[in-house]
Amino acid sequence: MSRNRRQGERERGPARGERAAPAAPPPAPAPMPTRMELPAPTGPRPPETGPLILTVEPGDTYALLDSGAGEKLERYGRLAIRRPENQAIWPRRLPDAEWEDVDAAFTGDTDEEGTGRWRFPRGAFGETWELDYRGLPYLGRFTSFRHVGVFPEQAAHWDFAAEAIRGAGRPIRLLNLFGYTGLASLTAAQAGAEVTHVDASKKAIGWARENAEMADMGGAPIRWICEDAVRYAEREVRRGNAYEAIVLDPPKFGRGPKGETWQLFEDLPYLLSLVRALLSDKPLFVILTAYSIRASFFSLSALMGEAMRGRGGQLQSGELVIREAGAEPRLLSTSLFSRWTPTHG
């Protein structure tokens, strides 16, 4: 995702002494795409519990070494990485020397959708490097949006989904919307699910397929779909297809391959209505995560509760956090989530 203009950059005006050209009329707004008419959910809301705090602990393959002053210091496999982190408003614990002794540091625009660049204090190395999650290898890569191809806090959801799939004792079809580089899809397929992975970015789909090949899962039952998540969900509803498990991790803003726009607050309620319509008669779970938004987990919980009226089950909502390594560790909040499960899986 990118902006037409970097945040903070301004239009250049006429030179001194020149007369400004008449302002062109603003372009007509693009027509809103027609949305499917779906029956409004009826029945009682599922009971809610929260806040549930899901914590990622430091380990061999990933650790949050320190955070503070608007940055975080992490270890991904063999590499120490320094990146911006708006949530880290507290002081750092480690000395400056340890913050400077890194393999890669992100500089430039710190906005979630802005672009910047990486510097490599110990010398440049390849574009990618190998990482591992519970024996599942995948590729890390330095992107212009400060990400490296994995959101480690999501491991709590990967583990939950894998355990539920293995314990179901029946075929499970999982739909992964906004699937990114595929770790959720690969761990679900490894657990026995038939997976449909959807992302609007061709690069992300290509990266996910690289990860599948690297994990020797090129033949796994995963369909890779490069399409706008809302448009794909609509087509699946029209086809009468259904899934036992649905995972969605939408961004705050995004664009589809045909110019579709995604605005989380405007579009998420409609997408959740499609998600409800796509659930099979024997569902296993729905997991919704949201990051970089000004909201509370109560908002996600209320929205999920309305979408799941009459389906029974229960809601668990809260935050995904990462615990720092070392003495007196703090918890870094990364995203909000709401998870629905049926009374009997």
Item checked: Cluster overlap Leu315 with Leu52, hydrophobic side-chain contacts below 4.5 Å -> no

Notebook entry, point to check: Is there any ring pair (Phe, Tyr, Trp, His ring centres under 6.0 Å) pair reaching into residues 193-215, and which pairs are they, with sequence neighbours excluded?
Noted result: His197-Trp224

Next item on the list: Check step by step if salt bridge (charged side-chain N to carboxylate O under 4.0 Å, His left out) holds for Glu71 and Arg82.
Entry: CA-CA 7 Å; Glu71 291 186 286; Arg82 178 177 178 177; 2.9 Å; yes

Notebook entry, point to check: Is the backbone of Leu183 close enough, under 3.5 Å, to the side chain of Thr187 for a donor and an acceptor to pair up by distance?
Noted result: yes

Check: Are Val148 and Leu186 connected, step by step, through hydrophobic side chains (Ile, Leu, Val, Met, Phe, Trp, Tyr) whose heavy atoms are closer than 4.5 Å?
Finding: yes

Next item on the list: Give the intermediate values and the outcome of side-chain contact (heavy atoms from CB on, under 4.5 Å) for residues Leu175 and Val198.
Entry: CA-CA 8 Å; Leu175 175 62; Val198 181; 4.0 Å; yes

Checklist line | Partner of Val321 by side-chain contact (heavy atoms from CB on, under 4.5 Å), out of Thr55, Leu64, Leu54, Leu332 | finding: Thr55

Item checked: Short N-O contact, Glu194 and Arg173, less than 4.0 angstrom -> no

Check: Is there a donor-acceptor pair closer than 3.5 Å between any side-chain N or O of Arg276 and the backbone N or O of Leu271?
Finding: no

Notebook entry, point to check: Among all residues two or more places apart in sequence or in another chain, which pass the side chain to side chain donor-acceptor pair (under 3.5 Å) test with Ser273?
Noted result: none

Next item on the list: Could you tell me whether Arg35 and Glu234 make a salt bridge, using a distance below 4.0 angstrom between a side-chain N and a carboxylate O?
Entry: no

Check: Given the rule in the side-chain contact (heavy atoms from CB on, under 4.5 Å) test, do Leu79 and Trp129 qualify, once you have shown the distances and angles that lead to the verdict?
Finding: CA-CA 9 Å; Leu79 301 184; Trp129 77 101; 3.5 Å; yes

Notebook entry, point to check: Is it true that the side chains of Glu244 and Ser280 contain a donor and an acceptor less than 3.5 Å apart?
Noted result: yes

Item checked: Qualifying residue, where the test is side chain to side chain donor-acceptor pair (under 3.5 Å) with Tyr62 and the options are Glu57, Arg75, Glu74 -> Glu74

Margin query: Once you measure the plane-to-plane angle for His157 and Phe337, does it fall in the parallel (<30°), tilted (30-60°) or perpendicular (>60°) bin?
Written below: perpendicular

Checklist line | Side-chain donor-acceptor pair present, Ser185, Asn176, cut-off under 3.5 Å | finding: yes

Note to self: For Leu288 and Leu268: C-alpha separation, side-chain torsions, deciding distance, then whether side-chain contact (heavy atoms from CB on, under 4.5 Å) applies.
What the structure shows: CA-CA 10 Å; Leu288 166 65; Leu268 182 56; 4.0 Å; yes

Next item on the list: Taking only Lys NZ, Arg NE, NH1 and NH2, and the carboxylate oxygens of Asp or Glu, determine whether Glu130 and Arg78 approach each other closer than 4.0 Å.
Entry: no

Item checked: Results of side chain to side chain donor-acceptor pair (under 3.5 Å) for Glu210 - residues two or more places apart only -> Arg141

Notebook entry, point to check: Quick check: does any side chain N or O of Thr341 sit under 3.5 Å from a backbone N or O of Phe285, one acting as donor and the other as acceptor?
Noted result: no

Margin query: Hydrophobic cluster membership, with links at side-chain heavy-atom distances under 4.5 Å among I/L/V/M/F/W/Y: are Val286 and Tyr270 in one?
Written below: yes

Item checked: Whether Arg146 side chain and Pro84 backbone form a donor-acceptor pair below 3.5 Å -> yes

Item checked: side chain to side chain donor-acceptor pair (under 3.5 Å) partners of residues 329-339, not counting sequence neighbours, each pair once -> Asp66-Arg330, Gln316-Arg339, Ser317-Ser338, Glu319-Ser333, Glu324-Arg330

Checklist line | Candidate list Asp96, Asp101, Val102, Leu94, test side-chain contact (heavy atoms from CB on, under 4.5 Å), partner Glu98, passing option | finding: Leu94

Check: Any Lys/Arg nitrogen of Glu236 or Arg239 sitting under 4.0 Å from an Asp/Glu carboxylate oxygen of the other?
Finding: yes

Margin query: Checking side-chain polar atoms at under 3.5 Å, does Trp118 have a donor or acceptor matched by the opposite partner on Thr143?
Written below: no

Next item on the list: Tell me whether the centres of the aromatic rings in Phe142 and Phe120 are closer together than 6.0 Å.
Entry: yes

Pair up each side-chain donor or acceptor in residues 40-47 with any protein partner under 3.5 Å, not counting sequence neighbours, and list the distances.
unit_1	atom_1	unit_2	atom_2	d
Arg45	NH1	Ala302	O	3.2
Arg45	NH1	Glu306	OE2	2.9
Arg45	NH2	Glu48	OE2	2.2

Margin query: If the condition is side chain to side chain donor-acceptor pair (under 3.5 Å), which residues does Asp159 pass it with, not counting sequence neighbours?
Written below: Tyr133, Arg134

Next item on the list: Start with the C-alpha distance between Asp199 and Tyr180, add both sets of side-chain angles, then the distance that settles side-chain contact (heavy atoms from CB on, under 4.5 Å), and finish with yes or no.
Entry: CA-CA 6 Å; Asp199 198 283; Tyr180 195 40; 4.2 Å; yes

Notebook entry, point to check: In this structure, are over 12 heavy atoms from other groups packed under 6.0 Å from Arg93 atom CZ?
Noted result: yes

